[in-house]
There are 2 protein chains.
Amino acid sequence: MMRSVPIGEAARQSGVKVPTIRYYEHIGLLPAPNRTEGNRRHYETSDLRRLAFIRHSRELGFDIEAIRTLLTLQDNPSQPCATADTIAQARLADVVQRIRSLTALKAELELMVEGCRRGKVGECRVIEVLADHSQCEHARH
Amino acid sequence: MMRSVPIGEAARQSGVKVPTIRYYEHIGLLPAPNRTEGNRRHYETSDLRRLAFIRHSRELGFDIEAIRTLLTLQDNPSQPCATADTIAQARLADVVQRIRSLTALKAELELMVEGCRRGKVGECRVIEVLADHSQCEHARH
DNA sequence: CTTGCTCCTCTAGTCGCTAGAGAATGTAGC
DNA sequence: GCTACATTCTCTAGCGACTAGAGGAGCAAG
């Protein structure tokens with residue numbers, strides 16, 4: 001079995017693009033891997049796991065600083081996990097809030113689009129509503 | 001009645017911050033207003049209306065290029081409004097998609113947070129799930 | 001006349017990448 | 001070996017939509 005892989009293969013396996021991997025190294029999120037004689041990075045299984053962790057975290061919308069903290073926690077398994085829990089809860093609260101405001105937005109946009117009679121711009125409800133906020137149903141935004 | 005207001009007052013009335021107003025002028029979204037003798041911008045009612053239009057559009061998540069197009073349309077009311085309708089519909093589709101993926105995300109995060117027993121990091125479900133994507137319910141993301 | 005606010009221009013920073021230049025290294029076929 | 005091509009390297013600059021800060025000028029009230 002392969003003991004280590006070059007960056008392109010690491011990208012393929014992790015789903016993180018090559019320049020992004022280098023970027024993560026640059027900002028200190030991923031440790032600098034060993035190099036071959038020809039100065040090329042090669043990644044061990046542990047690096048690939050870390051990369052997968054980062055990718056999954058990014059997919060869940062955690063920002064880099066949060067991921068940095070989560071990775072540090074992962075490296076110290078005997079610590080209490082209150083911090084991890086707090087970070088995840090904050091992210092959850094943010095997602096819930098976003099869903100709320102996007103749902104309000106959706107209602108607004110549906111009204112606009114339904115109201116459009118496909119005529120001239122002068123009578124277009126889309127433009128009209130944009131120009132006059134008070135025509136919105138709920139002024140939640 | 002006030003014929004024109006300085007930038008701070010325009011910011012107050014429109015809810016757009018002072019540097020952002022200057023930024024909009026810089027990128028050509030807002031026409032450069034007249035200046036006082038002391039070189040200060042002063043805004044007419046029409047400028048304030050345009051600013052309100054921009055702000056509302058941004059709140060609804062339209063990007064600057066879309067707003068540029070919408071503003072041009074507003075300036076030409078006799079044109080057909082198909083373009084405006086298309087832009088709004090694209091935005092709506094985007095919002096719907098975002099709500100979908102955020103809702104999947106929410107489920108994921110709830111599982112993580114609920115699974116956390118507030119113990120040590122080594123047994124924390126938050127960290128565990130982040131490290132192993134296959135533990136996710138639906139691999140929609 | 002001084003205090004304190006608003007305003008001016010300009011540059012640089014934010015976040016999380018992404019794109020591109022220009023060079024070196026590695027691999028496969030001949 | 002030689003050539004062609006892919007992959008990798010470093011470095012810098014750009015994206016969107018602002019935001020922050022420096023350093024200075026204008027202006028209104030006490």
Side-chain angles (χ1 to χ4, degrees), chain A residues 2 4-30 32-43 47-48 50-51 53-71 87 90-91 94 98 101 141, chain B residues 2 4-30 32-43 47 50-51 53-71 87 90-91 94 98 101 105 141:
Chain A
M2 300 248 148
S4 65
V5 296
I7 196 166
E9 183 56 25
R12 238 162 279 128
Q13 284 183 30
S14 67
V16 179
K17 289 182 199 157
V18 170
T20 307
I21 295 176
R22 287 197 278 247
Y23 169 71
Y24 286 159
E25 179 184 331
H26 180 68
I27 63 171
L29 205 58
L30 199 61
N34 293 324
R35 303 280 184 130
T36 66
E37 287 183 12
N39 197 34
R40 285 159 181 229
R41 295 166 177 88
H42 59 294
Y43 295 90
D47 297 317
L48 297 177
R50 204 174 177 85
L51 207 42
F53 186 102
I54 296 170
R55 194 205 169 183
H56 194 197
S57 302
R58 286 295 299 135
E59 278 172 350
L60 292 171
F62 292 96
D63 61 29
I64 300 287
E65 279 322 295
I67 296 172
R68 210 185 283 279
T69 305
L70 291 168
L71 282 168
I87 291 175
R91 178 71 194 128
D94 183 45
R98 251 161 225 264
S101 76
H141 60 270
Chain B
M2 300 246 147
S4 66
V5 296
I7 196 167
E9 183 56 26
R12 238 161 280 130
Q13 283 182 32
S14 66
V16 179
K17 290 183 199 155
V18 169
T20 306
I21 295 176
R22 288 197 277 247
Y23 169 71
Y24 286 159
E25 179 184 329
H26 181 68
I27 63 171
L29 204 59
L30 199 61
N34 294 327
R35 303 278 185 131
T36 64
E37 288 182 12
N39 196 34
R40 291 165 176 223
R41 294 166 178 86
H42 59 292
Y43 294 91
D47 296 316
R50 202 172 179 88
L51 207 42
F53 186 103
I54 295 170
R55 194 206 169 183
H56 194 196
S57 302
R58 286 297 296 133
E59 279 173 348
L60 292 172
F62 292 98
D63 62 28
I64 300 289
E65 279 323 295
I67 296 172
R68 213 185 281 280
T69 306
L70 290 167
L71 281 168
I87 291 174
R91 177 72 195 125
D94 183 45
R98 251 161 226 264
S101 74
L105 248 168
H141 61 268

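Order of the sequence lines sets the chain letters (A, B, ...), proteins ahead of strands, with each chain counted from 1.
- Residues A/Val5 and A/Ala10 share a closest heavy-atom pair of CG2-N, 4.0 Å.
- In this structure, A/Glu37 places its CD atom 15 Å from C1' of C/dA24, rounding to the nearest Å.
- For the pair A/Leu60/A/Arg91, no side-chain contact is recorded, criterion being any heavy-atom separation below 4.5 Å from C-beta on.
- Counting to the nearest Å, the C1' atom of C/dC17 and the CG atom of A/Leu30 are 15 Å from each other.
- A salt bridge links B/Glu65 with B/Arg68: the distance from a Lys NZ or Arg NE/NH1/NH2 to an Asp or Glu carboxylate oxygen falls below 4.0 Å.
- The B/Ile64 side chain lies nearest to D/dA17 when the options are D/dA17, C/dT18, C/dG16.
- Residue A/Arg22 is in base contact, counting any heavy-atom pair closer than 4.0 Å across all strands shown.
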| task | Let me have DNA chain C in dot-bracket notation, would you? Count Watson-Crick plus G-U wobble pairs, both distances under 3.5 Å, and use [ ] for pairs crossing earlier ones and | for inter-strand partners. | result | ||||||||||||||||||||||||||||||
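- Closest heavy-atom contact between B/Val18 and B/Ala11: CG2-CB, 3.7 Å.
- B/Arg35 has a side-chain polar atom (N or O) that falls below the 4.0 Å cut-off from OP1 or OP2 of C/dT9.
- For B/Lys17 and C/dC8, the NZ to P distance is 17 Å, given to the nearest whole Å.
- One finds the CD1 atom of A/Ile7 at 9.5 Å from the OG1 atom of A/Thr20 (value rounded to the nearest 0.5 Å).
- Atom OH in B/Tyr23 sits roughly 16 Å away from atom P in C/dT11 (whole-Å rounding).
- Atom-to-atom, CD of B/Glu59 to C1' of D/dA17 comes out at 15 Å; the value is rounded to the nearest Å.
- Electrostatic pairing of A/Arg12 and A/Glu9 counts as a salt bridge here, judged by a charged N lying under 4.0 Å from a carboxylate O.
- Protein atom CD1 of A/Ile54 is 17 Å distant from nucleotide atom P of C/dC15, rounded to whole Å.
- Taking only distance into account, the side chain of B/Arg40 meets the base of C/dT6 through a donor-acceptor pair shorter than 3.5 Å.
- Taken to the nearest 0.5 Å, the CG atom of B/Leu30 stands 12.5 Å off from the CZ atom of B/Phe53.
- Across all strands, B/Tyr24 comes closer than 4.0 Å only to sugar-phosphate atoms, never to a base (heavy-atom distances).
- Heavy-atom nearest nucleotides on DNA chain D were determined for B/Thr36 and for B/Arg58, and the one closer to the 5' end corresponds to B/Arg58.
- Counting to the nearest Å, the P atom of D/dT10 and the NE2 atom of A/His26 are 11 Å from each other.
- When the C1' atom of D/dG24 is taken as reference, atom CG of B/Asn39 falls 13 Å away, rounded to whole Å.
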